[in-house]
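Following: one structure in structure tokens, then a few remarks.
We name chains A, B, ... by the order of the sequence lines, and we start the count at 1 in each one. Remember, predicted model here, so these are calculated numbers, not experimental data.
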There are 2 protein chains.
Amino acid sequence: MTAEADFSSKQMPAVVIGLSAVVVAVQGHEPKVFIVRGAEHALAAGVTSPNEEGDALPFGPFDPLQHKTLEEGLRTWVRDQTPLSPGYFEQLYTFGNRGRYAGQRDETKRVVSVGYLALTHEKPNAEKSERVFFGNWYDYFPWEDWRDGKPRILQDAIEPGLKRWIAAADTAEEKEHRRMRAQVCFGLSDAKGAAAAWDEEKVLERYELLYGANLVYESIRDKGMKVDYVLVPGRSMLYDHRRILATAMGRLRGKLKYRPVVFELMAAEFTLLNLQKTVEAIVGHRLHKQNFRRLVEGSGMVEEVAGKKSAEAGGRPAALFRFRRDVLLERSAPGVKLSASMGG
Amino acid sequence: MTAEADFSSKQMPAVVIGLSAVVVAVQGHEPKVFIVRGAEHALAAGVTSPNEEGDALPFGPFDPLQHKTLEEGLRTWVRDQTPLSPGYFEQLYTFGNRGRYAGQRDETKRVVSVGYLALTHEKPNAEKSERVFFGNWYDYFPWEDWRDGKPRILQDAIEPGLKRWIAAADTAEEKEHRRMRAQVCFGLSDAKGAAAAWDEEKVLERYELLYGANLVYESIRDKGMKVDYVLVPGRSMLYDHRRILATAMGRLRGKLKYRPVVFELMAAEFTLLNLQKTVEAIVGHRLHKQNFRRLVEGSGMVEEVAGKKSAEAGGRPAALFRFRRDVLLERSAPGVKLSASMGG
DNA sequence: TGACTTATGCTCATTCTGAGACTAAGTTGC
DNA sequence: GCAACTTAGTCTCAGAATGAGCATAAGTCA
């Protein structure tokens, strides 16, 4: 036991801190992430080879001289790279794995990336182009959307892929270990046929499992492998950005349940169905309408607005509600409790 | 909107990543943190002036050449600086505030610190010395221990201090803002006398408020101030380590409720009272015994062991239980639900 | 006007909680 | 050996929260 921590030694290699933002909005009942696409961006970042192209999150390096805090640095990059001004920021996680930052050939310049979650309300007319746009987050994680029942991709691609991976284990012990992980993450039924439940918050765990099983593009890319089988469908991202997105999705799905963060995604006034659809978009499954209403109204987090709304599809016009901002300052503001319900 | 992220520019100042560990154990029904004390340690770290001395967490810099991941680096430092081998690690938060790393005079060498939480079970005979020991975490946060009712320190020091701070606001608006924050964090009663609830998870928010109100030593130290009033009692720590500890306490208090992490703090076999006292030590308030038992037994997380125990104080011997490790692999393993109860 | 759509109110059985009474099985003092 | 005390463990009970569904209200559309 020797304490020889030494911050001052000259031989400590420089570390660059990368800041990435998962900027989330819900448009047309679909969860969206702000995406920056293209080789220019990658080139500007100086960490990829020129022939790499793909989707990325808004990101940039932390500059200790300019930015007083990490979050301030992040806000600067978001301001520079997006037309948005999210009202909510939250730090997610700091990733420092070697080899997880594709294109980074120079090992002496290690990038550690700090991921942030930002929430905003943007109407669908927000700036759109080939290079910069809001992408549906289920394009990157098709297996996470259970709103119309269990996604096909699970039977069609993931379960076979995982079974192949399990079978390829060297030892019986390793095989059992893989089986367990698959069961916990994806609810794969075990030997006895007992299927585990799907936990919608385990987004990162599932992605990491697919990465470890070489079933997503990033694992192939990072390890420089060639594969002769078909990868699991779903868009990939540059660097470790899909992992950061997975972290954001899991975190947001969890946070929703105990903090009133949904309202950051809503317009100033909204109907309860609107609110429900937004929550459903995030958590990826449907809710029981009447109970959702009871919960939200009973929580005291919203107040009714005088006018009515009808522009929606034909049907009885819904009452408009507004978030009571002051509850943020009251007791520990609760979230939106939710319980699965596959039926409408 | 310009994307000019540039990771490769030479002028980007070097950033050193500091890794700090909050290693928690519960001994004799008291929550403990592993502390490294002394000027040598601070000197070795090269970031403080020689005349500074105080309590610190085990910590050290992240070395990108040696450590494959941040967590691996942290484990190395914990191994080197403590006699422990915690079974549970979790990343807490990454702090990058300028001026929050005391003694750091050289602004070009900015330290960003990544805090980790580690849990371990250690009997009270673990290595003890003046320099390296387990300290009661309520020594650093006396106002967080409500096990014997509301701590005196709140009326005696904190509430007067906060009132002074509120009164010292420049504008009426700022005054109201301060009042609100104090109310939310500390349950200070508002103008109408309505007292808000105490949320045991808001440990960090409370510490930050005291820091901002210049009521703890660290705020005075970091800003180089002189004060003519008495600070709120409670041990301080070097650097931003008390803030990291606060983060750990809040996180652990929250996590306890939805993940079975308490068991990391327990011996292999334990009585239910034992388990309850451990939970109480962490969350800082008492629980209803019968209901706690009902919950734990009903959760299926523990199984009874054949033998009985009696070594405890005189009374009926309690049954011994053991954590069912396999539940970690089952569905989303639940935590220990708990509800306040001031009575035994 | 009738079919259809969405909003909103209400009921009901079940489970979960918080609180407490009560019984069981040891130890300690005399 | 017995009274007094201490901790363990069972059981009850009322009220709140939850999950599911029925019924009615208030619009649109053809």
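Closest to the Lys289(A) side chain, of the nucleotides dT6(C), dA8(D), dG9(D), is dT6(C). Taking the side chain of Ala318(B) as heavy atoms from C-beta on, and the options dA7(C), dA20(D), dG9(D), the nearest nucleotide is dG9(D).
Note: NZ (Lys277(B)) to P (dT7(D)) measures 9 Å, nearest angstrom. For Phe292(A) and dC10(C), the CZ to P distance is 20 Å, given to the nearest whole Å. Between the CZ atom of Phe321(A) and the P atom of dA7(C) there is a distance of 11 Å, given to the nearest Å. To the nearest angstrom, P of dA25(C) lies 17 Å from CG of Leu320(B). For the pair Gln276(A) CD and dT6(C) C1', the interatomic distance rounds to 12 Å; values are reported in whole Å. The CG atom of Asn291(B) sits 16 Å away from the P atom of dA16(D) (whole-angstrom rounding). Atom CD of Gln290(B) and atom C1' of dA21(C) are 9 Å apart (whole Å). In this entry the distance linking CZ of Arg293(B) with P of dA8(D) reads 8 Å, nearest Å.
Aromatic ring orientation, Phe270(B) versus Phe263(B): tilted (interplanar angle from 30° to 60°).
The shortest distance between the side-chain N/O atoms of Arg316(B) and the OP1/OP2 oxygens of dA24(C) is not below 4.0 Å.
Each of Leu272(B) and Arg294(A) was assigned the nucleotide of DNA chain D with the nearest heavy atom; the assignment lying further toward the 5' end belongs to Leu272(B).
The only member of Arg206(A), Arg253(A), Lys257(A) that meets salt bridge (charged side-chain N to carboxylate O under 4.0 Å, His left out) when paired with Glu200(A) is Lys257(A).
Counting heavy atoms from C-beta outward, Val22(B) and Trp137(B) have side chains that stay 4.5 Å or more apart. Side-chain contact between Tyr207(B) and Leu245(B) is absent, with no heavy atoms from C-beta onward closer than 4.5 Å.
Leu273(A) comes within 4.0 angstrom of sugar-phosphate atoms only, judged by non-hydrogen atoms across all strands, and of no base.
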